[in-house]
Every structure is written in structure tokens, then in C-alpha cells.
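To start, the structure itself, in C-alpha cells.
To find a chain, count down the sequence lines: A is the first, B the second, and so on, and within it residues start at 1.
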Amino acid sequence: MPMLRDLVRKVAAKNAGPFQVTLDIFCGSDEAYARVAPALKDKEIARLFGLEPQLLRRFDIPDLNVVKFSMPRSVVQGSRFDRDMHGAQFATLLEEIDI
Amino acid sequence: MTTTVLVPSGVLGLGFSQEALNLGIARGCDVIAIDGGSTDSGPHSLGTGVSKYSRAVCKAEWRALMQARAQLGVPLIIGTAGTSGTDSTVDWMYDITCELAEELGQSLRIARLYSGQSAEFVISKLASGQISPLSPAPELDADSLRDMSNIVALAGAEQIQAALETGADIIIAGRTTDTAIIAALPLSRGEHPGACWHGAKIAECGALCSTHPGSGVIRVTFDKTGFEVEPMAPAAACTPHSVSAHMLYENSDPFRLYEPGGHLDVSHARYSALDARRVRVEGSEWIPGPYTVKLEGARLAGYQTMLLALLREAHYVAHAQDWADKLVSVLSERVVAQIGLAPADFTIEMRLIGVNATMGPLENRNSQPAEVGAMCLITAESQDMADEIGRLANPFLLHMPLTEDEPLPTFAFPFSPAQTSRGAIYEFALNHVMALTTPLEAFRLEISEVGAHAHVT
């Protein structure tokens, strides 16, 4: 089974302020978007990030061939137990899921 | 009438192409606007009121922008000066500006916009029900507000417009929204409000909305129905995709952006290529709302000491997590028994570099690395106490075996002393908005004349 990163142009993550993180899947083509968007299950994404599914926000943006997920950070940016100040490495968890 | 804003880069201190800036100067503009910071790098700058950027680098870049301003005769604005936009980092930027004014022989009117909030003012707002939490928000009461070392409010376009109306050549603003410094002038000149905020969001990171993010300089022109965006570096291009995709960046909702006094809605925005490197956008909407400003605050969260041991022996690499768990348990017991601290007064954390230091419990891969970096993070209520716990931890981190019946290992310590005092750590303590009666209620403007004509009345 291919990983998400094998099918899309780029997966990016970044803080959206200190309390939220946002992940963008740039599919790169209509074909990749058509394959990837329906295969991304909200429950699985929430489980990947140890999150209650109702806290996950999802935006399907066919004009850009992008699927976007936003979620509260489980640890506030820069607090004692934070491991990733900019939140960018969260993208790796997502890009390695099997599609 | 149109209004053109030149944005030299996403933040002062990150660099821009001088060639691209020169091309921007040659094309002309009505204002130069650049951001000076954000919360990106964590709570330390806000907590301490100190810039994270090099003073020398900021001064060199600011020199080029002050020269550009003088050449064009237009205002120059920096928002969120000195990384966090506290009153002390505004003063830091003002000192740099005064030095440069003298070195360059410029006579300037400088407006400083202060965004710092006293705890007592915010407490009075809290008591009168004018503070609302965003989601998720830390608990808030008068005591927690008094504990914060700095509180800032994010200024919007109105406060920047007030500074522009003083006739200032340079505006050094404390914390502002990233967009306000760009949107302020076109809004006051009556350009399309949805376009003003949308174009400001697109340009706020400089050339990040183009195909060559590192080239820095972006030019945005606003008019009565939309805006046009163009990168100044000849190799860079803005495309409908690169521009529209920028609404995703650091934004939890790609269609809405909340600002003081309303929000931007780009659901119906239309992006069209004017040519291979310029994009025009129309259809963005500004929806007026209550006048609220976002608050940011940071408070001291203890003092930290760090030790690093390197595990290369295959047996310990294979069982690094068990070893680390045992170490935390042994050390915690010893701190309570021998130093006499209560468990709530300290934390000891092991992060295994090569295993799961980045993801922690979310890590789902378990390939065997050649070696593991065992980072031991100790946090306590004073630096002396964190260091003392570090000294207690040192021999265990160096020699603790997995089981009692095996020879004592000796891991690699890369440093002497083994421990590094990290100093005070801070945490973000506010994710709230504050309602204002007038935009300037929570902000202060100070105007000064510097350079040659300052001595002439």
C-alpha cells in the first residue's frame, strides 16, 4: 500500500498560533486529489494525533487540490512538555499513513 | 486612485534580496511595511520582552529600508517590532532607528505604537465581562493575569492609521496583527476593504506567496474592486495557485481571517493571472463585527537544566525506552528522598533522540537506530534547584545499568560540565479577545522628532 507522501506533492504542517496546528495536503493534481481526499478518514486522522474526532476541523478545497486539517495542539506551543516549537514535524505522521 | 504597498520580506531579520528591493523602489509605492515578529518561535521573547533576532542583522536590513523610505518619501512601518511587540522591544527598535537616523543624517518624525497591557487594565476588562476566551483557552483570573510578565494586545488597522495621521516618517509598532500594517493605508484611502485585508494576508510573509519564497520583496496594489500582487525578484512569479494557497498558511480556517472589528471571508474570491507573474484578486469580503483585539500573554513556568548522554552500545540502544523509564523513576525517588522536594515541585523528562524525541507518545515507527541521544530535561522552581537536581542525575545518566546483574555501563557525555542551565522558561497563558470602546483605548502613541531637525523649533 502506498503512503500518502508517495501520492501527493507535499504535506505541510505549521502552528496556527500557539494553541492550534494546521496540516495542508497539497495533492498537486485533480487525479491525486480524487484518489486521496475520499481515502482520508477523519477518525483515523484524529487517532493518529491522539485527538477526539469532534476537535478535528476539515476543509476539502478542490480548487487548490488541497485537503486541510486543523486541530488544537495537545501541548501548547513552547510549554514545558512541547517537543516541536513550530509544529512542522506533525506533517510526517500524516504523510506516512497508508492510502 | 490606487494604493501600493511594498513588503520587503516576511519579517525583519530574515533577509531579502537588495536587487528585488531596488526594483521595488524603482516602481514606487505609497508605503513600505514589514513585520517584525510573531509567536512562531515560542513564548520566550514575549515572556522576557527581548528580541530573538540579531541586533546587527536587524540594523543592517533596517538601514536599507530607511534608505528606501528616504528615497521614495513614503512612510515606513514595522509591526510587532522586536519579535514579540512588547513595549521593551519597541524601545529596542526605536534605539536602532535613532542610531541609524544619525548615521544616515536623516531627520525623522517617528511614531511608536505601544501594545503592552497592564494586568490591572485587563483585570478591569475581565471584571466587566469584556474578555472572551477563544478555543482552547487557558483558565483566566486576576491572579493569573498578575503573574504574567508581559501582556500585549494585537493592534489592527485603526491604530496604525492613527499613527500615519501624525505624519510620521517611520512607525514602530508593538504587537499588531500581521495584516494590519499592510491594510491600514489602503483602507484609509477608501480601497475595497475585503481586498485590503485579503491582499495584506497574501503579502504578509513577503514572497512566500510566490514561486521563490526566499526572494523577499512583494508589491501589492489595492483599488476599489480588488488587488494585484507581484513579486519584485525577476525570477519569481505569483500564480493563482501560489497566491490562493497562501490563505492556508498558519491559518486554521483557510476562508476566514479574524481581525479587530470584523473578519475577512475569501470564500468567493476569484484569482486570475494578469500575466505569467502577476495575479489579480476580486470578490473577497470584509464582514464588520464587534471591535475586539486578541490578547497574548506569557508567564514564567520554571527554570530548566538539560543533560545529554549518548547511547551507542547495542544492548542499550535496543532497550533505550526501558532504561529511560527506569532512570526517571529512580531519579524522581532520589530527589524526593535526598533533596526533600515534593513530587509537584519538579519534573524530570527523558526524550530519546533517534527513538521518539519529536513525536513522543504519538510516534508509530520503531526502527532500530545506530545510537540514541538521551536528553534529560529537568524543570524546577529555581535555577539553583534545577542545577542541583542535574548534579544528582549526572552519575545515573552516565552509569545506570538496565538490571542489577549486569556490568556498569558508561555512556558518552559530550560536554563538561555535563549539564547546561537553560534559564527561565515561559509559557503562553492567554488565548482571549478583549472588547474595546475605541480602538486606541488599549494602545499608546508617542511621537518624537529625531536627527538634524529635531533641534530646530
Side-chain angles (χ1 to χ4, degrees), chain A residues 3 9-10 12-29 46-52 55-61 63-94 96-98, chain B residues 38-47 133-138 154 240-256 267 269-271 294 296-299 301-302 304 347 349 351 353 356-365 375 377 379 425-431:
Chain A
M3 285 190 208
R9 187 165 65 82
K10 184 178 168 61
K14 194 82 198 282
N15 296 335
F19 298 88
Q20 302 263 340
V21 66
T22 189
L23 297 105
D24 299 320
I25 302 166
F26 295 91
C27 296
S29 70
R47 195 181 319 122
L48 192 66
F49 292 100
L51 194 75
E52 296 295 326
L55 294 175
L56 188 73
R57 296 169 72 199
R58 173 178 179 148
F59 303 90
D60 288 88
I61 313 169
D63 289 351
L64 291 174
N65 289 320
V66 164
V67 182
K68 182 180 185 74
F69 293 100
S70 295
M71 61 191 80
R73 273 174 149 267
S74 55
V75 177
V76 176
Q77 179 205 3
S79 60
R80 186 183 304 193
F81 299 111
D82 185 27
R83 294 160 178 271
D84 180 2
M85 197 62 55
H86 302 84
Q89 291 299 310
F90 287 116
T92 59
L93 277 184
L94 184 56
E96 289 172 3
I97 63 170
D98 294 324
Chain B
S38 74
T39 56
D40 274 8
S41 43
H44 191 264
S45 174
L46 181 60
L134 300 172
S135 178
L154 279 71
H241 187 276
S242 75
V243 170
S244 56
H246 191 68
M247 275 304 289
L248 302 166
Y249 186 69
E250 293 181 339
N251 208 7
S252 57
D253 184 327
F255 301 112
R256 284 171 179 231
S267 310
R270 300 176 303 278
Y271 304 79
K294 191 166 179 249
E296 289 168 354
R299 66 177 162 232
Q304 220 162 46
T347 58
E349 199 191 353
R351 297 190 191 173
I353 300 165
N356 59 5
T358 315
M359 292 300 164
L362 296 179
E363 184 54 67
N364 53 26
R365 288 176 56 167
M375 179 165 67
L377 280 172
T379 310
I425 62 166
Y426 291 83
E427 62 190 9
F428 288 115
L430 278 169
N431 192 27

* Drop me the distance from Glu349(B)'s CD to Arg83(A)'s CZ, to the nearest 0.5 angstrom. => 5.5 Å
* Part of Glu296(B) lying under 4.5 Å from any heavy atom of chain A -> neither
* Quick one: does Leu134(B)'s side chain get under 4.5 Å of Phe19(A)'s, heavy atoms only? -> no
* Structure fact -> Cut-off 4.5 Å, heavy atoms of chain B, and the answer for Asp82(A) is backbone
* Could you pull out all residues at least two apart from Glu363(B) that satisfy salt bridge (Lys or Arg N to Asp or Glu O under 4.0 Å)? => none
* Structure fact -> Shortest non-hydrogen pair, Asp40(B) vs His86(A), comes out as O-CD2, 3.2 Å
* Asked: With side chains defined as the heavy atoms from C-beta onward, is the minimum distance between Ser252(B) and Met71(A) less than 4.5 Å?
  -> no
* Asked: Quick one: does Asp253(B)'s side chain get under 4.5 Å of Arg57(A)'s, heavy atoms only?
  -> yes
* Asked: Below 4.5 Å, heavy atoms only, C-beta onward: do Asn364(B) and Leu93(A) meet side chain to side chain?
  -> yes
* Asked: Are the side chain of Gln77(A) and the backbone of Thr39(B) linked by a donor-acceptor contact shorter than 3.5 Å?
  -> yes
* Asked: Quick one: of Arg73(A), Lys68(A), Gln20(A), Met85(A), who has the most non-hydrogen atom pairs under 4.5 Å with chain B?
  -> Lys68(A)
* To do: For residues Pro18(A) and Asn431(B), determine if any side-chain heavy atom of one lies less than 4.5 Å from a side-chain heavy atom of the other.
  => no
* Decide, yes or no, whether a salt bridge links Glu96(A) with Arg365(B) under the criterion of side-chain N to carboxylate O below 4.0 Å. => yes
* Structure fact -> So, the part of Phe255(B) with a heavy atom under 4.5 Å from chain A: the answer is side chain
* Structure fact -> Bottom line for Ser38(B): the part with an atom under 4.5 Å from chain A's heavy atoms is neither
* Sole residue of Ile61(A), Thr22(A), Leu23(A) in side chain to side chain contact (heavy atoms under 4.5 Å, CB included) with Leu248(B) -> Ile61(A)
* His241(B) versus Leu64(A): any side-chain heavy-atom pair under 4.5 Å? -> yes
* Asked: Which region of Phe81(A), side chain (C-beta onward) or backbone (N, CA, C, O), has a non-hydrogen atom less than 4.5 Å from a non-hydrogen atom of chain B, or is it both or neither?
  -> both
* Structure fact -> Interface check, chain A: of Pro138(B), Gly360(B), Ala301(B), most non-hydrogen pairs under 4.5 Å belong to Gly360(B)
* To do: Could you have a look at Pro43(B), Pro254(B), Ala245(B), Ser244(B) and say which one has the most heavy-atom pairs with chain A under 4.5 angstrom?
  => Pro254(B)
* Side chain from CB out, backbone as N, CA, C, O: work out which of these in Leu46(B) comes under 4.5 Å of a heavy atom of chain A, or both, or neither. => neither
* For Gln89(A), enumerate each residue passing the side chain to side chain contact (heavy atoms under 4.5 Å, CB included) test, keeping only those at least two apart in sequence or located in another chain. => Asp84(A), Thr92(A), Thr358(B), Met359(B)
